[in-house]
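Here is the structure we will look at.
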Number of protein chains: 2
Amino acid sequence: MVRATKQRKTIHHVLVKYRRPLSVSEILKLAQSEVAGLGIATVYRNLKALQEEGQVIQVDLPGQSPRWEVTPGGHHHHFLCRKCDKLFEIHDCPRDIQRILPKGYILEEHDVLLRGQCDACSRTANTRQPKATAE
Amino acid sequence: MVRATKQRKTIHHVLVKYRRPLSVSEILKLAQSEVAGLGIATVYRNLKALQEEGQVIQVDLPGQSPRWEVTPGGHHHHFLCRKCDKLFEIHDCPRDIQRILPKGYILEEHDVLLRGQCDACSRTANTRQPKATAE
DNA sequence: GTCGTTGCAAAGCGTTTGCAGCCTA
DNA sequence: TAGGCTGCAAACGCTTTGCAACGAC
């Protein structure tokens, strides 16, 4: 039987509250402010458990450690802001992907990762944004 | 001054010979068959050195350890075969990516990773392919 | 009271670094 | 022969695992 400990509830709550993919260290820091003494191993164990329950998913970006988010609706892609390092969901999809496939290849999945500046950062053109991904 | 040791020449040669992104462990195994006693640290150091010279590039895939390939021509994407785990280059690009961008966001780069079955694996439909990425 | 869960510390794993000896130029 | 390069082992950072104590049900 799965037990609703305050650690597990807090980890899930942090992901619900911030509504975008967070790294393990961000989750640890944010959850520790609610549960003093929370250990990193507990974060890893609960993220994996929540993933198996289907409540959260792991988001892998090329060359970065994984981030975690509450399971999103349907098919989507991601936009990574190069200024503030936040990751956003894009609920749309290129339509002409099949076209670029070489002959004989069978397409089963596709990932699209966009990089640039998010709305907030593009407004403050030359201002340097903090790199913090948790706010 | 950069010295052309047999280790460095072999590591570069392996990448030239196989013409697709190889993992560090694949490179080590392949190069060790030409240079007995080759160490993993030497592979890492030389890959980084070759990268700084512009001879090779690191290819990062989501959730996988990096692979390395000789510096390819221009803008391209990748296709990862889910049967044989080989990675292939796609020298074409979706054209309607700008369309899916939310308002206010500025697009600077994009990565597309396709997954499915490569030409060779799709021909052998129900046959199981070896997972080896070096052959 | 049971036994799933926790925090700690140790172990794993891929990658990097320090160092003495080697070998290219 | 100088000093860049190598192999080895230790160090690193992130993640997982073993274990005794804890606490949800």
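So you know, we letter chains A, B, ... as the sequences are listed, proteins then strands, and number each from 1.
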*For Ser25(B), which residues count as a side-chain hydrogen bond (donor to acceptor under 3.5 Å, both in side chains) partner, sequence neighbours excluded?*
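Residues passing side-chain hydrogen bond (donor to acceptor under 3.5 Å, both in side chains) with Ser25(B): Ser23(B).
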*Sequence neighbours left out, what passes side-chain hydrogen bond (donor to acceptor under 3.5 Å, both in side chains) with Gln7(B)? Give chain and number order.*
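Counting only residues at least two positions away or on another chain, Gln7(B) forms no side-chain hydrogen bond (donor to acceptor under 3.5 Å, both in side chains).
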*Can you run down the salt bridge (charged side-chain N to carboxylate O under 4.0 Å, His left out) pairs that involve residues 39-64 of chain B, sequence neighbours left out, and say none if there aren't any?*
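Applying salt bridge (charged side-chain N to carboxylate O under 4.0 Å, His left out) to every pair that reaches into residues 39-64 of chain B, excluding sequence neighbours, yields nothing.
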*What are the residues of residues 51-64 of chain B, sorted by number, that bring a heavy atom to within less than 4.0 Å of DNA chain C?*
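Residues of residues 51-64 of chain B that come under 4.0 Å of DNA chain C do not exist, since none gets that close.
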_Apply the hydrophobic cluster definition, ILVMFWY joined by side-chain contacts under 4.5 Å directly or through others, and give me every member besides Ile57(A)._
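Listed partners: Val59(A), Leu61(A), Leu80(A), Leu87(A), Leu113(A).
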*If you group Ile, Leu, Val, Met, Phe, Trp and Tyr whenever their side-chain heavy atoms sit less than 4.5 Å apart, what else falls in with Val112(B)?*
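Other cluster members: Phe79(A), Phe88(A), Ile90(A), Ile97(A), Ile100(A), Leu101(A), Tyr105(A), Leu107(A), Val112(A), Leu114(A), Phe79(B), Phe88(B), Ile90(B), Ile97(B), Ile100(B), Leu101(B), Tyr105(B), Leu107(B), Leu114(B).
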*What residues form a salt bridge (charged side-chain N to carboxylate O under 4.0 Å, His left out) with Glu109(B), not counting sequence neighbours?*
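Listed in chain order: Arg82(A), Arg115(A).
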*asked:* Which residues pass the salt bridge (charged side-chain N to carboxylate O under 4.0 Å, His left out) test with Arg99(A), not counting sequence neighbours?
replied: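 Partners of Arg99(A) under the salt bridge (charged side-chain N to carboxylate O under 4.0 Å, His left out) test: Asp96(A), Asp92(B).
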*Could you run through nucleotides 17-25 of chain D and give me one letter per nucleotide, 5' to 3': B if any protein heavy atom sits under 4.0 Å from the base, S if only the sugar-phosphate is that close, - if neither?*
BB----BBS
Please tabulate, one pair per line, all N/O donor-acceptor pairs under 3.5 Å involving side-chain atoms of residues 31-39 of chain A, not counting sequence neighbours.
residue, atom, partner, partner atom, Å
Gln32(A), NE2, Leu38(A), O, 2.9
Ser33(A), OG, Leu30(A), O, 2.6

*Can you pull the ring-ring contact (aromatic ring centres under 6.0 Å, His included) pairs that have at least one residue in residues 54-73 of chain B, sequence neighbours excluded?*
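Qualifying pairs, neighbours excluded: none.
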*Reading DNA chain C 5' to 3', how would its secondary structure be written in dot-bracket notation, given Watson-Crick and G-U pairs with both distances under 3.5 Å, brackets [ ] for crossing pairs and | for partners on other strands?*
|||||||||||||||||||||||||
